[in-house]
Amino acid sequence: MLDVLERSNLFIIPLDDKRHWYRYHHLFADVLQAHLTEAQPDQLTDIHLRASEWYEQNGLRSDAIRHALAARDFERSAGLIELAGPGTEDGSIQQATWLGWVKMLPEALIRARPVLNVGYAYALLGVVIWKPQSPDLRTPNDGWNRQIP
C-alpha cells in the first residue's frame, strides 16, 4: 500500500532510503489536523503528548519538543529543551531554534529551572543586537578619523 501511494505521489513522502519512515505530505497533514481539531478537540492535547513521548523514545527530540509545546505541557517541554541544549554546541540543533522553544515557555518556569535559565542567557548572548546609545559609537570609523587633543 505504501509503495502504491509513494509511486502515485499521493499523501506520503519517504524520509529514508530504506523506506521505513514516511511522513504525510504537508498539505494532507494540514487537512488531517484541521479535521481532528474540528471533530475531536478534546483529544488534541492527549494526542500531542503521546506523539511527544513516542518521538522522545525514538530519539527525535525536536519533534518531541514541538508536540510537548503544542500540548502546552510546559514542564515536559522544559525538560526536553534542557536536554536539547548541548545539541546547539555540536550543531545538531540550531541555537535560534532552541531559543525559540525557550521563548514559548512561561517566564516563571524559565527562572525556576537553573539549567534552562543559564542556557537561555547564554543563547541570548549569541543573538543580541547591540544598539549603542552614544552617537560616537554608532559609526566606529568616524572615531578613527578624529584627532586626539
Side-chain angles (χ1 to χ4, degrees), residues 1-140:
M1 180 67 168
L2 290 175
D3 291 339
V4 172
L5 290 173
E6 183 184 351
R7 276 193 306 255
S8 301
N9 200 23
L10 295 174
F11 309 123
I12 63 169
I13 296 169
L15 296 177
D16 64 346
D17 293 336
K18 295 179 183 178
R19 304 298 200 253
H20 288 269
W21 293 83
Y22 290 87
R23 73 168 171 84
Y24 288 123
H25 184 280
H26 68 92
L27 295 175
F28 185 59
D30 290 346
V31 168
L32 290 176
Q33 279 189 324
H35 180 70
L36 176 64
T37 301
E38 194 174 298
Q40 300 176 348
D42 54 324
Q43 292 188 15
L44 202 53
T45 299
D46 185 51
I47 290 169
H48 279 297
L49 284 175
R50 289 185 6 226
S52 177
E53 291 168 3
W54 186 90
Y55 279 120
E56 181 186 17
Q57 291 168 1
N58 287 279
L60 301 165
R61 190 166 287 144
S62 294
D63 290 315
I65 293 167
R66 184 172 50 83
H67 281 283
L69 288 168
R72 301 188 59 78
D73 186 339
F74 296 124
E75 284 291 334
R76 175 174 175 70
S77 300
L80 290 168
I81 292 168
E82 285 177 342
L83 293 172
T88 62
E89 297 297 323
D90 67 17
S92 61
I93 295 174
Q94 292 184 359
Q95 196 169 29
T97 300
W98 190 88
L99 190 57
W101 293 332
V102 175
K103 287 182 175 184
M104 295 175 78
L105 298 173
E107 191 175 319
L109 180 61
I110 297 169
R111 279 190 260 126
R113 297 181 73 120
V115 172
L116 195 58
N117 202 359
V118 170
Y120 183 51
Y122 180 74
L124 285 174
L125 288 173
V127 297
V128 170
I129 298 172
W130 185 50
K131 295 181 181 177
Q133 300 302 316
S134 169
D136 291 335
L137 297 176
R138 291 191 187 157
T139 52

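Just so you know, residue 1 is the first one in the sequence shown, and it goes up from there. This one's a predicted model, so the numbers in the text were calculated from it and none came from an experiment.
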Within this structure, what is the CG-OG distance for the pair Leu105 and Ser77, rounded to the nearest 0.5 Å? 6.0 Å

Distance in Å, Glu56 CD paired with Leu83 CG, rounded so as to fall on 0.5 Å steps: 7.5 Å

Determine the minimum heavy-atom distance between Arg61 and Leu80, stating which atoms define it. CD-O, 3.7 Å

To the closest 0.5 Å, what do you measure between OG1 (Thr97) and CZ (Arg66)? 12.0 Å

Hey, does the side chain of Arg76 reach the backbone of Leu49 with a donor-acceptor pair shorter than 3.5 angstrom? no

Strictly by ring-ring contact (aromatic ring centres under 6.0 Å, His included), give each pair with a member in residues 63-83 just once, sequence neighbours left out. His48-His67, Tyr55-His67

Enclosure of Gln43 CD (heavy-atom neighbours >12, cutoff 6.0 Å): yes

Ignoring hydrogens and angles, tell me if any N or O in the side chain of Trp98 forms a donor-acceptor pair with the backbone of Ile81 under 3.5 Å. yes

Kindly write out the residues that satisfy side chain to side chain contact (heavy atoms under 4.5 Å, CB included) with Glu82, not counting sequence neighbours, or none if the list is empty. Arg113, Val115, Leu116

What distance do Leu99 atom CG and Ile93 atom CD1 have between them, rounded to the nearest 0.5 Å? 13.0 Å

Do Glu75 and Leu109 have side-chain heavy atoms sitting under 4.5 Å apart? yes

How close do Thr37 and Leu44 get, heavy atom to heavy atom, and via which atoms? OG1-CD2, 3.7 Å

Steps toward side chain to side chain contact (heavy atoms under 4.5 Å, CB included) verdict (Tyr120, Glu107): CA-CA 11 Å; Tyr120 183 51; Glu107 191 175 319; over 6 Å; no

